[in-house]
Visitor: 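Before we start, here is the structure in question, set down as structure tokens.
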Amino acid sequence: MSPFVDPATGDLNVAQILSESRPLAKLIGAFVAVALVPYALVYLALGSSPLGAVLALLGQFVLAVGTGIVLMYVVARGRHLADS
């Protein structure tokens with residue numbers, strides 16, 4: 001049986017797609033929220049100061065690490081769904 005396909009009708013199983021997408025969206029949202037803090041500080045207060053550059057790099061680092069973790073989650077979840 002293929003994941004996300006209703007075996008009775010052969011159509012996409014929208015309920016399963018939504019149930020799998022919610023945790024992924026929460027994970028992405030968590031990293032975006034964490035990265036938003038240094039970016040907001042740079043935008044609102046620190047601008048082109050050296051501390052602003054460090055905070056901008058910190059925001060990029062958080063997003064890069066978050067991207068890696070999200071990709072690992074997607075691969076692990078896909079393998080789990082393929083096995084069951």
Visitor: Tell me whether Val62 shares a hydrophobic cluster with Leu36, the cluster being built from Ile, Leu, Val, Met, Phe, Trp, Tyr side chains joined at under 4.5 Å.
Guide: no
Visitor: Kindly give the heavy-atom pair with the smallest separation between Val42 and Gly52, and that separation in Å.
Guide: CG2-O, 3.1 Å
Visitor: Could you check whether any side-chain heavy atom of Ile69 comes within less than 4.5 Å of a side-chain heavy atom of Met72, counting everything from C-beta outward?
Guide: yes
Visitor: Of all the heavy-atom pairs spanning Gly59 and Ala35, show the shortest one and how long it is.
Guide: O-CB, 3.9 Å
Visitor: Should Glu20 and Leu81 count as side-chain neighbours, where that means a heavy-atom distance under 4.5 Å?
Guide: yes
Visitor: Would you name the heavy atoms of Val32 and Leu63 that are closest together and state the gap between them?
Guide: CA-CD2, 4.5 Å
Visitor: Is Val37 linked to Tyr39 within one hydrophobic cluster, defined over Ile, Leu, Val, Met, Phe, Trp and Tyr using a side-chain heavy-atom separation of less than 4.5 Å?
Guide: no
Visitor: Taking the side chain as everything from C-beta on, heavy atoms only, tell me whether Val54 gets closer than 4.5 Å to Leu57.
Guide: no
Visitor: Any side-chain heavy atom of Tyr73 within less than 4.5 Å of one from Ile28?
Guide: no
Visitor: Between Val70 and Val34, is there a shared hydrophobic cluster once you connect ILVMFWY residues whose side-chain heavy atoms come closer than 4.5 Å?
Guide: yes
